[in-house]
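Structure record follows, encoded as structure tokens.
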2 protein chains.
Amino acid sequence: MHSFTEENYLKAIYKLQEANGLVVATSALAQVLEVHAPSVTDMLKRMAGKKLVTYQKSKGVKLTEKGRQVAVGIIRNHRLWEVFLVDKLGYKWDEVHDLAEQLEHIHSEDLTNKLDMFLGFPKADPHGDPIPDANGVLPKSKAVLLSTFAEGDQGTFTGVTDHSATFLNYLDKTGFSLGDPIKVKGIEEYDQTYTLQLKGKKEVVVSFKVANSLLLSY
Amino acid sequence: MHSFTEENYLKAIYKLQEANGLVVATSALAQVLEVHAPSVTDMLKRMAGKKLVTYQKSKGVKLTEKGRQVAVGIIRNHRLWEVFLVDKLGYKWDEVHDLAEQLEHIHSEDLTNKLDMFLGFPKADPHGDPIPDANGVLPKSKAVLLSTFAEGDQGTFTGVTDHSATFLNYLDKTGFSLGDPIKVKGIEEYDQTYTLQLKGKKEVVVSFKVANSLLLSY
DNA sequence: AAAATAAATTAGATTAACCTAATTAATCAA
DNA sequence: TTGATTAATTAGGTTAATCTAATTTATTTT
């Protein structure tokens, strides 16, 4: 199989490719993986040799179909284990990331599928991120940022784009909970502050930064 | 933390120390870890530097207290995950070893303890091996080999000393099940063949080799 | 388009974990 | 107790994954 390191590179490339376009820069990878650029160059060469990525020197990397399959498999593992940790073991949504980073590297498709069944085939992880199916198909989410909403708009809180424990704790404390309805009562023009009505008529005021990290569906 | 390799060495040393006495030979480790002797010498030096083992050249190794703690922790993990796989995911007892070998290296005491609670604080894994508690205390089993029984003796089947899938399958097929009562109806003097009465009056004949791999309590 | 800046690569080392071949140390048998 | 056998270690190498320093390639800016 692939080493943990390779798998982490694949995951990182996948995520950067999703977020910022087709090819991923060496420096971007170095940053998210917390290694130095020459290490990345080195690794990319080895991975290109294994046909996990296509790499042209000084031109960035892309995943091959094979690489994409592996990456999505790891993401599937990660998200299923997060569901397990929260639903079965009682962890909170801000505590599961590091553990899932370890568990995602357990190599067994069969285990993944049995876990999936045990958890009742969840469609999203505790942060609302969609779980790829056994064929590596990731449901295309149509959720949209709260920051794109206008006054009077409403939707259901279905995900976050900031997964940091600090942000998740802030949401807990403020009364946000995945699956709840949210309505925009007002937007302050001066500083883009949002006044929201949460479940149970509770009104809260949040900054643009927060509105820009919340995903809503309708 | 410690590398997977280190952890596997610690586990192996622990098991060999339990089975065969105080000090463990380089060659014995090389055999169970499936590496060559010089690799073991190499590794033992590094581990001695970390105070995980005491090592005197050409005199074998012993775990330090620190090393023993780590080893028992890994065994705790391993056995709890085995229970999870069998009780929660529906694996059979002959299928879980390799998966547990991966899962045992997940580093989180908290996860281990939450898993323990989720599983209802099991005292033994699916093969009857005792699970160390959170303090690294391993209950001293008083189970004894069926091969030490005389005609007429009886007990409860509580463990195995051979964990191979082949043997476990044989037991399934023949009608042995952990926790069931077993009575010795007769022992053939010529070849030490045992005639046993299993649960539900079922009579089976087993070889000495089998009798020597079954642990019974009374 | 040349110069300046930023990004990426090459060169050369390091560490953990392994290997083979050669040597030394320990044990057993005559 | 010497000689033979077996076990363990040393010596010297390899590979994956990392590093720093130096160099080359790309991209901006003037």
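Labels below follow one simple rule: chain letters A, B, ... track the order of the sequence lines, proteins then strands, and each chain is numbered from 1.
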- [ ] Answer yes or no: are there more than 12 heavy-atom neighbours, outside Lys62(A) itself, under 6.0 Å from its atom NZ?
- [x] no
Task: Sidechain N-carboxylate O distance under 4.0 Å for Arg76(B), Asp116(B) - done: yes
Open item on the list: I'd like to know if Lys11(B) pairs up with Glu101(B) as an ion pair, taking the criterion as any Lys NZ or Arg NE/NH1/NH2 lying under 4.0 Å from an Asp or Glu carboxylate oxygen.
Closed with: yes
- [ ] Take nucleotides 10-26 of chain C nucleotide by nucleotide from the 5' end and write B, S or -, depending on whether a protein heavy atom sits under 4.0 Å from the base, only from the sugar-phosphate, or from neither.
- [x] B-----SBBBBB----S
- [ ] Starting from P on dA7(D), measure out to CG on Leu29(B) and report it in whole angstrom.
- [x] 14 Å
Throw together a table of side-chain donor-acceptor distances under 3.5 angstrom for residues 123-145 of chain B, partners on residues two or more places apart or in other chains.
from, atom 1, to, atom 2, distance (Å)
Asp125(B), OD1, His127(B), N, 2.7
Asp125(B), OD1, Gly128(B), N, 3.1
Asp125(B), OD1, Asp129(B), N, 3.1
His127(B), ND1, Glu82(B), OE1, 3.1
His127(B), NE2, Trp93(B), O, 2.7
Asp129(B), OD2, His163(B), NE2, 2.6
Asp133(B), OD1, Asn135(B), N, 2.7
Asp133(B), OD1, Gly136(B), N, 3.1
Asp133(B), OD1, Val137(B), N, 3.0
Ser141(B), OG, Ala143(B), N, 3.0

- [ ] Under 4.0 Å from any atom of DNA chain C, heavy atoms only: list the residues of residues 10-26 of chain B that qualify, in numerical order.
- [x] none
- [ ] Determine to 10° how strongly the helix from dA1(C)-dT30(D) to dA30(C)-dT1(D) is bent, judged from the axes of its five-pair ends.
- [x] 0°
- [ ] Name all pairs fulfilling the ring pair (Phe, Tyr, Trp, His ring centres under 6.0 Å) condition that reach into residues 48-79 of chain B, sequence neighbours left out, sorted by first residue then second.
- [x] His78(B)-His97(B)
TODO: Could you check whether the rings of Phe84(A) and Trp81(A) sit parallel, tilted or perpendicular, using 30° and 60° as the cut-offs?
DONE: perpendicular
Task: Qualifying salt bridge (charged side-chain N to carboxylate O under 4.0 Å, His left out) pairs, either residue in residues 23-49 of chain A, two or more places apart - done: Asp42(A)-Arg46(A)
Open item on the list: Minimum heavy-atom separation for Leu44(B) and Val53(B), please, with both atom names.
Closed with: O-CG2, 4.0 Å
Open item on the list: Quick one about His105(B) and Asn77(B) (side-chain donor to acceptor, distance below 3.5 Å, no hydrogens or angles considered), yes or no?
Closed with: no
Open item on the list: Do the side chains of Glu65(A) and Arg68(A) get close enough for a salt bridge, i.e. N-O under 4.0 angstrom?
Closed with: yes
